[in-house]
Amino acid sequence: MIVAEKKPVEEIIDYVKDFKKLLIAGCNECVTVCEAGGKKEVGILASALRMYFLNEGKKVEIDEVTLERQCDHEYLEEIRDRIDKYDAVLSLACGVGVQFMAEKYFSTPVFPGVNTCFLGAAEERGVWSERCQACGQCILGETAGICPISRCAKRLLNGPCGGSTKGKCEINKDLDCAWQLIIDRLKELNRLDDYEKIMPIKDWSTERAGGPRKVVREDVRL
Amino acid sequence: MESIEGEPGDFKVTLTSYPRYIDPIKCTGCGECAKRCPVTAINMYNLGLDDRKATYIEYPQAVPLAFAIDIDTCIGCGLCEMMCLAKAINYEDNEKKSTICVGAVILSPGSEGFDPSGMDVLGYGKFANVVTSEEFERILSASGPYRGHLMRTLDREAPKKIAWIQCVGSRDVNLCGNGYCSSVCCMYAVKEAMIAKEHSHDDLDCAIFNMDIRSFGKDYEKYYNRAKDEHGVRFIKSRVHTINEDSTTGDLVIRYTDESGQTNEETFSMVVLSVGLQIPESVTALARRLDIELNNYNFAVTDPFAPVNSSRPGIFVSGVFQGPKDIPGSVTEASAAACAAGTKLAEARGTDTKTIEIPAEIDVLETETRIGVFVCNCGINIAGVVDVPAVADYAATLPYVVFVDQNLFTCSQDTQDKMKEVIKENNLNRVVVASCTPRTHEPLFQETLQACGLNKYLFEMANIRDQDSWVHANDPEAATEKAKDLVRMAVARAGLLKPLKEKKISINRRALVIGGGVAGMNAALGLADQGFDVVIVEKEAQLGGLSRDLTVTIEGADIQRYLLELVDRVTGHEKIQVLTESLIVGFSGFKGNFTTEIMVGPGMYERKIDHGVVILATGANEYKPEEYLYGQDYRVVTQIELGKRLEVKGADDISKVVMIQCVGSRNEKNQNCSRVCCQSAVKNALHIKEFNPDAEIYILYRDMRMYGLLEDYYTEARQQGIIFSRFSQDNPPNVEATDEGIAVTFKDHILQRDISITADLLALSAGMVAEDTEELASILKLPRNEEGYFIEAHVKLRPVDLANEGVFLCGTAHSPKLISEAISQALAAASRATIFLSQSEITLSAVTARVDPDLCAACLVCVRACPYEVPRINEEGVSEIDVALCHGCGICAAECPAKAIELDWYEDDQVMSKVEALLEGVL
Amino acid sequence: MSTKTPSKLEKILSAGHMAVTSECGPPRGSDSEDITKKAEMIKNHVDAINITDNQTSVTRLCSLASCIHLKKMGVEPTLQMVTRDRNRIALQSDILGAASFDIYNILCLSGDHQNFGDCPQGQNVFDIDSIQLIQTVRQMRDEGKFLGGDDINRPPQMFVGAAANPFADPFEIRVPRLAKKIAAGVEFIQTQCIYNLEKFELWMKQACDRGLHEKVYILAGVTPFKSAGMAKYMKNRVPGMDVPDDVVKRMSGVPKENQAEEGINICVETIQRLKEVEGVKGFHIMAIEWEDKVPEIVERTGLYPRPDIS
Amino acid sequence: MRINYPGTIRIIRLPCTGKVDVIHILRAFEKGADGVYVVGCLEGECRFSNGNLRAKKRIEQAQQILDAIGIGGERAQMYNLSSADGPRFAEYAVEMTEKIKKLGPNPLKKAKEKMAA
């Protein structure tokens, strides 16, 4: 899923301090699951902002809503009838949701309430880590199911570098060396010989290098 | 208790009740009498360290929580009688005799701390800063004489260095005649040292002078290690000669001999004497009257295989009267005694029970909210401070309030009757009582609601006594305002309350006992003898478990004979079904209604058993040593192997034996003490001496943990010339195999040099390891500690329950223990299970969490946050909480990032309505 | 062996001589004298001088310009090139730039992570990695083609090197990794600084067992300690460095004023011992900001004078 | 024990401090409370295993937010005590009251007055 982190309240205040009517919009998908932008966080942020504005002597109205998903038109439509009431929207969805909201409601300023971090997994409650950089050309089949692009600090396709120490990355000893993981798993799979195959220079055009990407599925379109 | 006459099942007990001069039934515990009492008396609860009044309550947790008059100090001024609005004072009260008929009796008269006044050298009574451990407990207590501030008695100065002297009044035949070990002093001394360090504002130095540290209980060794290694408590192996006072500072100089025989001195600001447990004279007199046999230390005589049966049939014993023990042991044994007594009384169960008829519930959701408020004066407890009429008038102005009344004592029977009428007359559908604490009185008022056809959850209390009049007695005006706030808050919440349905679940009155060893079989019999069906699941082909390898107890009781009888009783019992060679493969359900899937027999056919409770008795095994040439040389054996050998071959052919203690215990792999190995060693050593009095026996140990009455055998062993030599963990004995024998080299701590013994036999006191229950624990979702022993719900309060309701624990599955202790614990588990099984249905609390599936994002936060693993993501892909399993803590509701969970009766709106009512108009 | 490039280093190695290389770190400024002075100190004692490429991710004068300065003073440079900072366009372009100045040696590296340097907030590139850079140079040289497939007019003539760290984890792939670099086309190897001789010899032996020493010239890397403090720092703080306890102990065992001398002694002893190891074809002396000691080390190990091949 | 403590406190009962959420604390300030504190069991002695540790985390979170919006994080606190420890309850009540007195009233009160004027 998409993993996001709450923005500091100070930063959010800076965005919205000059508005009079605000809508805080949560999203009931990824950001709820990673506890950054669900209904609960909407309530907390709304309360915090109400207090902030009152303390500043400003009269600001703040409403709360949590949409099922902010990356789908149909769900975003749910606030169509009242969007004009607001000077601005604070979206706690991921960057996708924030933009989709902004596209849809073109004349309403939309601000992000979270920092969208990465595509990751929940290792345990409160610990998420990156697993994928959406490069568009999956190589996991060659790397024993461990992605060096998202998990090696230098995204080396032919690692490890000389800094790998005791299974950890040179930049942070709490970080696993992705190539150590790959080698360990190759060994487990009895495929260590594959290590000596040189990975060719990667075609990054399917990653952001190729510009904004789009998936068009003719089979499911009408 | 004066006397017990008659036979088991039909005893006539004569009791004398001493006068209290205050009727405990009328007394509301308000305390006005004590407040007005002009007489000061010594407070013996704080061991004379502070004062109380002649009208008093012994301690805040006393049951019943009622006052009494100490007639020895009372001057008869009559003030209390004038003050008491409940009219509970009766100066004419006198001694009453009564007779009750019972079927069985349990004696738990307890013990007293040893009085060290007679031991001159320790200076107790002479030097103010020498206190007993009991006094020190009071000093540390928040309800103690110094309110928990660590001070010494002489000058109320904070001590900088405290010493504990162990074994005062224990393990000492010469000075006090108490040859036994009191079993508890080591641990309480360590605990006191840790708490003292916590309470101290400086870096308090704590030293414990001891002969052995006996931290033999479950996880106690870890606590001891923490005290030693992390908190720097010093443990000094020594014997204390004398304690002298430095008269200018009040400090105390301890003169002691250390292990090497050298005499040293060290100065402390305070000395605590760790006094042992002792049976008081009053108890020995009682035992004499009741014709209960006592041993030479005045503990009740019991059989190792019937540990709670006194010498007189139908009379059972528990607690320290049975033998020195700690709180977990006492609580366990109390349950065991209850089981043993209950077995004989099973027929009578439920015959005196009265059932209350509850009228059908009125539907309140569709009707307008009508709140009634009852403000209590609580005599003058509330009214003496709070302006009750003003509060009542105020309540009448609040939204939805249609009725207000005030009462002298709302809890009295007549007021309750009146309240019922009022509720009905006024069609009240929410009730607020502004009085005392819901902790004690909520159930009473809820019953009243139910009697009027109202759901009991339509009730709310405002605590204007404990939280108001009692604590703001000096500011009546503010207290009255606070009372109004509390009432306003309560009314606000009451308006939002909804009726809740308490689910009733029927109980399958059958028990599943996992493990057919001594503990499992005793637990099964404990239940079966009371009429409950029991299924025992044993994975081996035979019953008996580890005890099949044991020969005799240290007292000389024949274990194999006992086992034979036990197996006969179990297999012959019509209520018990035994499944051997069986494996548990599935488990589901909740308290009262479990289903267990079992693969049975060599054919592995599957059976499903429905049952209401589980008793875990999976046991433990002797550790297979990897140390000291075990398995490499036939002359190296474990204590169990040695025991068997002695049984078969005797010991005529062995003349030199070395035993090494703590093999596989108290080390990095297994931090805990295995509890039983010291006595195994002494037991086998004494047996060898019986066969061959000339045999030389060396026991190499780290601490000899011969707790309780076992100490006598330790003394005897030394008298018989068995040599005990201490080694330290970092310098263990060295063992080599030679043609002549096993050469064991160790450092003698008295001689301070290495000694080498070539032994015919080396016996390793191998510790205990829990049976491998990893898979079982994961199937049943039960918690285990690092060593693989199951974890009880609360060490002291619920020693045989698991946190998972309906699951109980006994025997060595809990921790290493002796056979008699395992039997006790098995009976205790049966007793706890009986409480459960004796009901035909149970009512579940309605305070449980509820998921709104429309909001749920299936994020797993509740699944991960719940301490009981109750929520699960169901087939619809949303979280679901089984009310039968929910404990009602509300953690999931607070954590839910989608705000999809509410805790009934504590819904967010209901909680926040109190905040909003309180702060109404502030902004 | 016949040579494929005009590189002096390659010629010396293929003639069967023990090669000696050293390195200079460019200045954090634009004064070219910093580099020429260092080179002056050692130019008679080494066959080629590596110029590091923003080592430890600290911004410095660029490697290519520094190499040009060496070239101008008649010293043979080895251009170190990391893939951290440039994408494949920039890398190829810089290779051509170097070739235009007749720089004949290149060392292909991935580079330290920018986290260690003065711009930890910067973006890294890693469009390709070190092994792929080896392939790139070889393709440009041998096939005369850019990565995109177009022909190069006057392809670069470069002797292609890479680093190898026999001590990094996991040890079991250290030799396969060397093989991988060889398969990619590397011609000479300069190793990480060697203090743990046993481990290096084990690695060398495993490499020889696979015959790798015949496919690539291996120059053993050495760095003299200036002090016991430096030994401890390298042991504890530098990733991928293996400094055994007894070496640290030996450094700490002598008085402070003699520690520098002891460091040189250790370095000299290391070279003496490794000269005898099968597969070692030369030495790469990395005297960090201590270039004036290089001549002494070279002389004391009998590697002076350097062969004259032109 | 009837130990006197300041009359500044009103108690709201919950089954476990684990039921307290950040929003409950913020709302109390939003409505004008000068201070909020949560009293839970001693650490390691939660009846529900870890509710009090969760509450501690939530108080910390509330404190951060209150600091950020100018109300002051110190106004929210967590205390732990055993249910048998009346004196300590009173001690904490005094401590909290003094702390809040020092900090003065909830700044929102003044802000509101100003706006009204």
Side-chain angles (χ1 to χ4, degrees), chain A residues 133 135 137 139 142-144 146-188 191-210, chain C residues 56-57 82-84 87-88 91 109-117 120 124-136 139 147-148 162-185 191-193 210 221 236-242:
Chain A
Q133 288 196 350
C135 73
Q137 286 258 35
I139 56 160
E142 277 91 81
T143 55
I146 290 146
C147 172
I149 296 167
S150 55
R151 302 183 68 186
C152 167
K154 301 177 185 170
R155 58 180 187 190
L156 299 181
L157 291 174
N158 294 286
C161 71
S164 177
T165 309
K166 295 192 177 109
K168 299 294 172 187
C169 176
E170 69 175 20
I171 70 162
N172 180 347
K173 62 178 184 305
D174 296 325
L175 199 68
D176 287 328
C177 167
W179 274 97
Q180 174 83 50
L181 299 177
I182 292 170
I183 288 155
D184 289 347
R185 194 140 193 276
L186 281 172
K187 229 188 308 175
E188 176 68 26
R191 278 179 46 198
L192 196 53
D193 289 347
D194 285 0
Y195 172 74
E196 288 194 35
K197 291 186 190 153
I198 296 176
M199 289 272 266
I201 292 175
K202 188 171 170 70
D203 171 2
W204 292 109
S205 65
T206 53
E207 214 231 20
R208 57 146 188 99
Chain C
T56 62
S57 305
V82 302
T83 64
R84 176 190 61 224
N87 70 1
R88 59 189 85 175
L91 291 168
L109 305 163
S110 50
D112 295 314
H113 194 270
Q114 73 276 10
N115 212 26
F116 298 100
N124 59 34
V125 180
F126 294 115
D127 180 10
I128 62 176
D129 63 23
S130 59
I131 287 180
Q132 292 164 344
L133 180 60
I134 295 168
Q135 289 180 316
T136 303
Q139 178 181 329
L147 286 177
N165 184 351
F167 311 108
D169 292 317
F171 184 68
E172 60 196 301
I173 59 102
R174 296 330 304 180
V175 173
R177 185 161 174 76
L178 176 66
K180 209 168 166 175
K181 286 189 174 174
I182 293 168
T191 77
Q192 174 71 292
C193 326
R210 284 188 62 169
N236 298 325
R237 307 297 287 272
V238 180
M241 193 70 76
D242 183 347

Engineer: Do you know which of A:Lys187, A:Glu170, A:Met199 has the most heavy-atom pairs under 4.5 Å to chain C?
Structural biologist: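 Of A:Lys187, A:Glu170, A:Met199, A:Glu170 has the most heavy-atom pairs under 4.5 Å with chain C.
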Engineer: Of the listed residues (A:Leu157, A:Asn172, A:Leu192), which shares the most heavy-atom pairs with chain C below a 4.5 Å separation?
Structural biologist: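 Among the listed options, the one with the most contacts to chain C is A:Leu157.
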Engineer: So which residue, A:Lys202, A:Lys173, A:Lys168, ends up with the most heavy-atom pairs under 4.5 Å with chain C?
Structural biologist: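 Heavy-atom pairs under 4.5 Å are most numerous for A:Lys202.
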Engineer: If I take atom CG from residue A:Asp184 and atom CD from residue C:Glu172, how far apart are they, to the nearest 0.5 angstrom?
Structural biologist: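 If we round to the nearest 0.5 Å, A:Asp184:CG and C:Glu172:CD are 7.5 Å apart.
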Engineer: With distance as the sole test, does A:Lys197 use its side chain to make a donor-acceptor pair with the main-chain N or O of C:Lys180 at under 3.5 Å?
Structural biologist: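 Checking the backbone N and O of C:Lys180 against the side chain of A:Lys197, no donor-acceptor pair under 3.5 Å is found.
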Engineer: Taking every heavy-atom pair that is under 4.5 Å apart, which of A:Pro160, A:Cys177, A:Cys161, A:Gly159 has the most such pairs with chain C?
Structural biologist: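 Winner by heavy-atom pair count: A:Pro160.
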Engineer: Hey, are A:Glu196 and C:Arg210 close enough for a salt bridge, meaning a charged N less than 4.0 Å from a carboxylate O?
Structural biologist: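 Salt bridge between A:Glu196 and C:Arg210, a charged N being under 4.0 Å from a carboxylate O: yes.
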Engineer: What part of C:Val125 is in contact with chain A, defined as an atom under 4.5 angstrom from a non-hydrogen atom: side chain, backbone, both or neither?
Structural biologist: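 Just its backbone gets close to chain A.
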Engineer: Please give me the minimum heavy-atom distance between C:Phe126 and A:Arg155, naming the atom from each residue.
Structural biologist: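 Here C:Phe126 and A:Arg155 meet closest at O-NE, 3.9 Å.
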Engineer: Just checking A:Arg208: does its CZ atom have more than 12 heavy atoms from other residues, nucleotides or ligands closer to it than 6.0 angstrom?
Structural biologist: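 For A:Arg208, atom CZ is not crowded (no more than 12 foreign heavy atoms under 6.0 Å).
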Engineer: Of the backbone (N, CA, C, O) and the side chain (C-beta and beyond), which part of C:Asp127 lies under 4.5 Å from a heavy atom of chain A, both, or neither?
Structural biologist: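 Both parts, backbone and side chain.
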Engineer: Work out which heavy atom in C:Ile173 is nearest to a heavy atom in A:Tyr195; give both atom names and the distance.
Structural biologist: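 Heavy-atom minimum between the residues: CD1-OH, 3.5 Å.
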Engineer: Given heavy-atom pairs under 4.5 angstrom as the criterion, report whether the side chain, backbone, both or neither of C:Leu109 touches chain A.
Structural biologist: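 When you check distances to chain A, no heavy atom of C:Leu109 falls under 4.5 Å.
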Engineer: Against chain A, work out which of C:Asn124, C:Ile128, C:Asn87, C:Asp112 has the most heavy-atom pairs shorter than 4.5 Å and name it.
Structural biologist: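 Sorted descending by pairs with chain A, the first entry is C:Asp112.
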Engineer: Treating A:Lys166 as the side-chain partner and C:Asp169 as the backbone partner, does any N or O pair qualify as donor plus acceptor under 3.5 Å?
Structural biologist: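 Here the side-chain-to-backbone pair does not exist.
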Engineer: Checking A:Asn158 side chain against C:Ile131 main chain: does a donor-acceptor pair fall under 3.5 Å?
Structural biologist: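 No; zero donor-acceptor contacts below 3.5 Å.
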Engineer: Taking A:Ile171, A:Asp193, A:Leu156 one by one, which has the highest count of heavy-atom pairs under 4.5 Å against chain C?
Structural biologist: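 The option with the most such pairs is A:Ile171.
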Engineer: Mind ranking C:Val238, C:Thr136, C:Asp129, C:Asn165 by heavy-atom pairs under 4.5 Å with chain A and telling me who comes out on top?
Structural biologist: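 Of C:Val238, C:Thr136, C:Asp129, C:Asn165, C:Asp129 has the most heavy-atom pairs under 4.5 Å with chain A.
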Engineer: Between A:Thr165 and C:Gly240, which heavy-atom pair has the shortest distance, and what is it?
Structural biologist: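 Where A:Thr165 meets C:Gly240 most closely, the heavy atoms are OG1-N, 3.4 Å.
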Engineer: For chain A, which candidate among C:Arg174, C:Gln114, C:Arg88, C:Met241 shows the most heavy-atom pairs at distances under 4.5 Å?
Structural biologist: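 Most heavy-atom pairs under 4.5 Å with chain A: C:Arg88.
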Engineer: Within the side chain of C:Gln132, is there an N or O that forms a donor-acceptor pair under 3.5 Å with the backbone of A:Pro200?
Structural biologist: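 It does hold such a pair.
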Engineer: Ignoring hydrogens, what is the shortest heavy-atom contact between A:Lys154 and C:Gly111? Give both atom names and the distance.
Structural biologist: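 Closest pair (atom of A:Lys154, atom of C:Gly111, distance): NZ-O, 2.7 Å.
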Engineer: Name the region of A:Ile183, side chain, backbone, both or neither, that has any atom closer than 4.5 Å to a heavy atom of chain C.
Structural biologist: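 Looking at A:Ile183, just its side chain touches chain C.
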Engineer: What heavy-atom pair brings C:Ala168 and A:Gly162 nearest, and what distance separates the two atoms?
Structural biologist: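 Shortest heavy-atom contact: CB-O, 3.4 Å.
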